[in-house]
> 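Structure provided below as structure tokens; questions to follow.
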Protein chains: 2
Amino acid sequence: MSGTLDERSWSVLHATVTGYIRMAVPVGSRAVNRLFGLSYSPATIRNVMADLEEEGYLTHPHTSAGRVPTAKGFRYFVDNSAFSKQTDFPDSSPLASFLDVVLDEASPLDLLEVLSSIMNLVARMTNYTAIVMEPGTRSEERLLSFEIIPVGEKHLLAILVTDTGAVYKRTVLLPEGFRSKEIMYLGDLLNTSSRNSPLSEIREKLVGEMEFLGEAYRETFQHLFFHHRTPEMKLFRTSRFAEMPEFSDASVLHAIMEVFEEKAALLEIFEDLVAQGGVSVQIGSENPIPGLQPCTLVSIPLVNGDVWLGSVGLVGPVRMQYDQVIPIMHYLSGRLNLWIEKTLPPNSHSLI
Amino acid sequence: MSGTLDERSWSVLHATVTGYIRMAVPVGSRAVNRLFGLSYSPATIRNVMADLEEEGYLTHPHTSAGRVPTAKGFRYFVDNSAFSKQTDFPDSSPLASFLDVVLDEASPLDLLEVLSSIMNLVARMTNYTAIVMEPGTRSEERLLSFEIIPVGEKHLLAILVTDTGAVYKRTVLLPEGFRSKEIMYLGDLLNTSSRNSPLSEIREKLVGEMEFLGEAYRETFQHLFFHHRTPEMKLFRTSRFAEMPEFSDASVLHAIMEVFEEKAALLEIFEDLVAQGGVSVQIGSENPIPGLQPCTLVSIPLVNGDVWLGSVGLVGPVRMQYDQVIPIMHYLSGRLNLWIEKTLPPNSHSLI
DNA sequence: TTTAGCACTCTGTGTTATTGAGTGCTAACA
DNA sequence: TGTTAGCACTCAATAACACAGAGTGCTAAA
């Protein structure tokens, strides 16, 4: 990135950003001088601020207003603050003890629920909106169990379990003249012959074998067996946005709410950040979704080697309390990924 | 309720309410006269409006403003408009053909998904927020299948299926020194001996029998078997609220968003309305949740005899397009409940 | 190099005047 | 007697204006 700031510029930038985060209004030279006890006078600070503005770290809503950090200013602040390197986290934190309990007794096969309960807490601690995302279909998902259960006279309920802990269910009406036995036989066959085979392989095999079945059988069976797994997303405390001054404009707020109702775009962001690993901070327009550009997204991927299992994130205003959020997310990244690494075999989605 | 309005008063009330729904601003006597071609002059309309105000159907934000309907005014409007009695619905509607397709191939065991896809469409058609609610634990839920699947060396995955189509899963770490065989044996036993027994009965039996098991076994098994089912709620298009003029006040909007993040209160409302049956319209303060009082909730319970399977609702501003929403919900109530009645045995949650 | 001082700029607020929509009342009318 | 035209009155919303205050940029002094 661009050059490094000297000591004095950095302390002014730091104070300006911190002040803006706290007050949510443009910060003037006097405020920086007083609030942060800088040993420079307001006049000096004004000079420094003018320089910082020229270099693009600050802006000016209008002549007689204080300074507001730009995305570049926030970026420099985040990259150079101590909290971004901080690796320790107080064991006494409620989060730490919560994780102790949850991670001890839970399994990565129940990842969505585990992450949900954790991020629910994190959302409450930080007062920002939390996101939990789990990807859809996984490449080498393998069949653990396929059970067809007759329900009543005319219905079949299929339960498909894969080694990632995913459970699919579907109910179908048995077509007129069909015996449930026949379909159940197919199910049993599959269950014993293909246990532990990748779903993709079973799919191909089935398509081949099913040529010999009647159309109606084939359709019913396919309906029971072929599921596509959609990504799962959960949100916590989206209502917080309605309280923040930067979202008092209804159209801005509306745009954000719409982003939250459409998981595809968020999924893409999380996918893109997997390779990066660790804590990603996307400030303002650094993220590609237009509606989300007045926001900052702090997120971490959960991986087992090079297999992506899911991601969690926090969304708040650009004026986010980075010094609180980033250490929390760092800590979460460490604990969760360690837990996954310890529990799952290397590079696997599953416990096998 | 209070008395019946004479012909003229009713036409003025009708025009005022309709006008207010359309314009979202107080409606004056001239507007009523012009927009609705009433044969009375503005002066006469003013007299009638004054009477309606005295009787509590209209209010007055301030002297020189037009009239705004009160909750009582909306209530009278809803109760006496033709659309509330209308029973037919165009077969050509996208909703009708959508239901034709969905209800034909789906089963009430997948109720949550069925209702979700329908209400997603309804939310888009009406531009209001849709809610799908499914109650939690059901009294006489019976066991269909309980399977314990070993995953890897040290984990067990339990899948419990009940006759309502509910599927529970949980993964546990096998305690040190345990053999998965032993626990699986318990599972098998349960599966063959207790299939079709109510969960409550199995629970009691197990608690009795498990006295003889060691503490650790008991705990592990209980962890696998005892789930409590929490109510499920899904929301569609909550972002719409951010666009409506009556919710431009951030604190009002925030209160509503918070209601949507807490399913307990909504669940209670839906539960209370089950007995009433059919289409319930709760206008403004008629619903008991404070944050939701600037809204109207139009909802229908889905029942099989006296068994409640779930509810769906639409939430919008009090100034809702009742003439569009109520017929839709009437139609939905009819189609869905008929579908349930045809598919499920009488007074049952399930297909058995 | 830093800082005090000062003129200047611009938003936000409070004041006032004005406009216009809408009412309530009264008197005329059918 | 019910309906309507006319008119004075009320009050929110808007615009115009002055003014205070916060904050800047520049200059000159320390």
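Chain identifiers are assigned alphabetically (A, B, ...) following the order of the sequence lines, protein sequences preceding nucleic acid strands; residue numbering begins at 1 within each chain.
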> Any side-chain N or O of Ser64(A) less than 4.0 Å from the OP1 or OP2 oxygen of dT24(D)?
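No, outside the criterion.
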
> If you pin Ser41(B) and Gly28(A) to their nearest nucleotides in DNA chain D, which one's is more 5'?
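In this pair, the answer is Ser41(B).
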
> Rounded to the nearest angstrom, tell me the gap between atom CD1 in Ile45(B) and atom C1' in dT3(D).
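Checked: the CD1 to C1' distance equals 12 Å.
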
> What's the CZ-P distance between Arg30(A) and dT3(C), to the nearest Å?
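It works out to 15 Å between those atoms.
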
> Enumerate the protein-to-nucleotides 24-28 of chain C contacts in which both atoms are nitrogen or oxygen and the separation is below 3.5 Å.
residue	atom	partner	partner atom	Å
dG24(C)	OP1	Arg67(B)	NH2	3.0
dG24(C)	N7	Arg46(B)	NE	3.2
dG24(C)	O6	Arg46(B)	NH2	3.2

> For Asn33(A) and dA4(C), what is the distance between atoms CG and P respectively, to the nearest whole Å?
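Roughly 9 Å, once rounded to whole Å.
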
> Does Ser81(A) reach the main-chain N or O of Val78(A) with its side chain, forming a donor-acceptor pair under 3.5 Å?
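Flag not set: sc Ser81(A) to bb Val78(A) has no pair under 3.5 Å.
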
> Between dT2(C) atom P and Leu38(A) atom CG, what is the distance in whole Å?
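Going from Leu38(A) (CG) to dT2(C) (P), I get 13 Å.
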
> Using a cut-off of strictly less than 4.0 Å, decide whether Arg8(B) has a side-chain nitrogen or oxygen near OP1 or OP2 of dG2(D).
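Looking at the OP1 and OP2 atoms of dG2(D), neither is under 4.0 Å from any side-chain N or O of Arg8(B).
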
> Thr70(B) side chain to Tyr57(B) main-chain N or O, any donor-acceptor pair under 3.5 Å?
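Yes, because the side chain of Thr70(B) sits within donor-acceptor range (under 3.5 Å) of the backbone of Tyr57(B).
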
> Ignoring hydrogens and geometry, is there a side-chain-to-backbone donor-acceptor pair from Asn287(A) to Gly284(A) under 3.5 Å?
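Yes; judged by distance alone, with no hydrogens or angles, the pair exists.
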
> Could you tell me the separation between the NE2 atom of His62(B) and the P atom of dA12(D), rounded to a whole number of Å?
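In whole Å, dA12(D) P and His62(B) NE2 are 5 Å from each other.
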
> If the plane angle is over 60° it's perpendicular, under 30° parallel, otherwise tilted; pick one for Phe74(A) and Tyr322(A).
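Plane angle between 30° and 60°, so tilted.
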
> Tell me: CD of Glu7(A) to C1' of dT2(C), nearest whole Å?
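Rounding to the nearest Å, CD of Glu7(A) and C1' of dT2(C) are 17 Å apart.
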
> Checking Glu261(A) side chain against Ser239(B) main chain: does a donor-acceptor pair fall under 3.5 Å?
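Here the side-chain-to-backbone pair exists.
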
> At what distance, to the nearest 0.5 angstrom, does OG of Ser333(B) lie from CD1 of Ile326(B)?
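Here the interatomic distance stands at 12.5 Å.
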
